[in-house]
There are 2 protein chains.
Amino acid sequence: MNDHRRYARAIELLRAAKLRPTRQRMALARLLFATGHRHVTAETLHDEALAAHVRVSLATVYNALHRFTAAGLLREVVVDGQRSCFDTNTTDHQHFFIEEEGQLQDIPAASVQITGLPAPPPGTSIRRVDVIVRVAKVSG
Amino acid sequence: MNDHRRYARAIELLRAAKLRPTRQRMALARLLFATGHRHVTAETLHDEALAAHVRVSLATVYNALHRFTAAGLLREVVVDGQRSCFDTNTTDHQHFFIEEEGQLQDIPAASVQITGLPAPPPGTSIRRVDVIVRVAKVSG
DNA sequence: CCAGTAAATTAGAATCGTTCTAAAATATTG
DNA sequence: CAATATTTTAGAACGATTCTAATTTACTGG
Ligand SMILES: [Mn+2]
Ligand SMILES: [Mn+2]
Ligand SMILES: [Zn+2]
Ligand SMILES: [Zn+2]
């Protein structure tokens with residue numbers, strides 16, 4: 001799926017999710033979906049919007065990220081206890097997390113196999129299996 | 001294991017980590033290590049201490065959790081972006097996370113196999129592979 | 001179009017988990 | 001015990017996030 005297609009799909013899904021296509025949401029959707037997969041925090045996206053001369057408040061960025069996530073356009077990735085990270089790649093995949101940089105990097109889902117998972121606790125069902133491979137820089 | 005023995009073990013662990021065995025640390029170590037493996041947050045441990053009539057500040061609980069972690073007595077588990085969770089089980093293992101309850105449950109490491117991990121990004125090495133199986137309650 | 005209504009945006013306050021500060025208390029060493 | 005280093009602590013500060021309530025914007029039916 002190319003970028004233009006993804007952006008078109010985002011607008012489509014906004015409508016399907018009954019989210020009004022406001023100036024702010026369109027601009028954020030474009031930043032998020034028009035140039036390949038992204039991992040953003042509320043603050044990085046807000047900074048990016050301001051740099052692109054899109055006037056939008058931080059509160060609206062938070063609102064949009066959560067609405068987009070609820071609509072299935074984004075996925076939240078938990079990497080550290082301090083900030084939320086949002087991923088435009090909603091397909092099944094895992095992440096490298098570079099500790100020094102706080103940077104995420106996708107691992108194609110297909111390459112990783114998880115076997116031998118026991119049954120979930122009684123009365124529950126598996127929603128998602130999150131794999132974070134924490135890596136650190138090495139000298140050399 | 002009786003009280004006296006537990007005290008001895010707590011002191012031993014703290015000494016090995018070059019941490020002075022203060023009243024607060026001993027009490028927290030006893031709560032953490034004397035009754036099987038635990039998953040705690042700073043706040044749950046603080047509440048527990050107060051309930052056990054151990055006078056200790058929340059700041060000291062945070063300090064202790066971090067010192068214990070640095071000393072290898074605890075491991076930090078990231079489950080959501082809002083709070084830090086500490087695990088007395090420092091062996092290689094994974095977790096079920098019950099979303100409604102915010103509860104962690106151990107998965108024995110031996111049962112799970114992860115294969116097909118690609119090489120880490122250039123200039124980095126793998127520190128740890130975190131697996132969180134997110135489960136939700138189902139009716140029935 | 002327009003008016004009426006619902007939804008969204010916003011600045012700023014509030015909240016919450018966590019960390020920091022700096023002063024008092026405690027442990028260790030000699 | 002004195003001298004020193006470490007620890008504890010209350011409370012302030014912090015940073016990410018959420019909330020509030022007033023304003024603005026989008027939609028709908030006429
Ligand atoms: Mn959230
Ligand atoms: Mn926080
Ligand atoms: Zn990703
Ligand atoms: Zn565990």
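What you see is a predicted model, and the numbers here were worked out from it, not measured in a lab.
Side-chain atoms of B/His95 and B/Asp130 form no donor-acceptor pair, as typed in the model, at a separation below 3.5 Å. Between the side chains of A/His39 and A/Asp106, at least one donor N or O lies within less than 3.5 Å of an accepting N or O.
In this structure, CG of B/Leu58 is placed 10 Å from P of C/dG17, rounded to the nearest angstrom. Rounded to a whole Å, the CG atom of A/Asn63 is 10 Å from the P atom of D/dC19. Rounding to whole angstrom units, CE of residue B/Met26 and P of C/dT26 are separated by 14 Å. Atom-to-atom, CG of B/Leu45 to C1' of C/dT18 comes out at 15 Å; the value is rounded to the nearest Å. Distance CZ (A/Arg25) to C1' (C/dA8): 6 Å, rounded to an integer number of Å. Distance, B/Glu76 CD to C/dG17 P: 15 Å, rounded to whole Å. If you measure from atom CG of B/Leu14 to atom P of D/dT7, you get 10 Å, rounded to the nearest angstrom. Atom CD in B/Gln82 sits about 8 Å away from atom C1' in D/dA16, given to the nearest Å.
A sub-4.0 Å separation between OP1 or OP2 of D/dT8 and a side-chain N or O of B/Ser57 is absent. Remark: A/Arg83 is not in phosphate contact with D/dG15, judged by side-chain N or O atoms under 4.0 Å from OP1 or OP2. Residue A/Arg67 has a polar side-chain atom (N or O) positioned under 4.0 Å from OP1 or OP2 of C/dA8. Between B/Arg55 and D/dT9 there is no side-chain polar atom (N or O) within less than 4.0 angstrom of OP1 or OP2. Residue B/His66 places at least one side-chain N or O closer than 4.0 Å to OP1 or OP2 of C/dT19. The phosphate of D/dT18 (OP1 or OP2) has no side-chain N or O of A/Tyr62 nearer than 4.0 angstrom.
Contact record, B/Arg25 with B/Leu14: CB-CD1, 3.8 Å, taken as the closest heavy-atom pair.
Residues forming a side-chain contact (heavy atoms from CB on, under 4.5 Å) with A/Val40 (at least two apart in sequence, or on another chain): A/Leu32, A/Arg38, A/Thr44, A/Leu45, A/Leu65, A/Phe86. Partners of A/Glu99 under the side-chain contact (heavy atoms from CB on, under 4.5 Å) rule, at least two apart in sequence or in another chain, are A/Phe97, A/Arg134, A/Ala136, B/Arg127.
Across all strands shown, A/His46 has no heavy atoms under 4.0 Å from either base or sugar-phosphate atoms. Contact annotation for B/Ser84: backbone-only contact, meaning every heavy-atom pair under 4.0 Å involves sugar-phosphate atoms and none involves a base.
Residues A/Ala64 and B/Arg15 both approach DNA chain C. Their nearest nucleotides, taken by heavy-atom distance, put A/Ala64 toward the 5′ side.
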- Item | Where protein sits on nucleotides 21-30 of chain D, one letter per nucleotide: B base, S sugar-phosphate only, - none, heavy atoms under 4.0 Å | -----BS---
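Side-chain contact check for A/Pro120 versus B/Val133: every heavy-atom pair is 4.5 Å or farther apart.
B/Arg75 CZ: more than 12 foreign heavy atoms inside a 6.0 Å radius.
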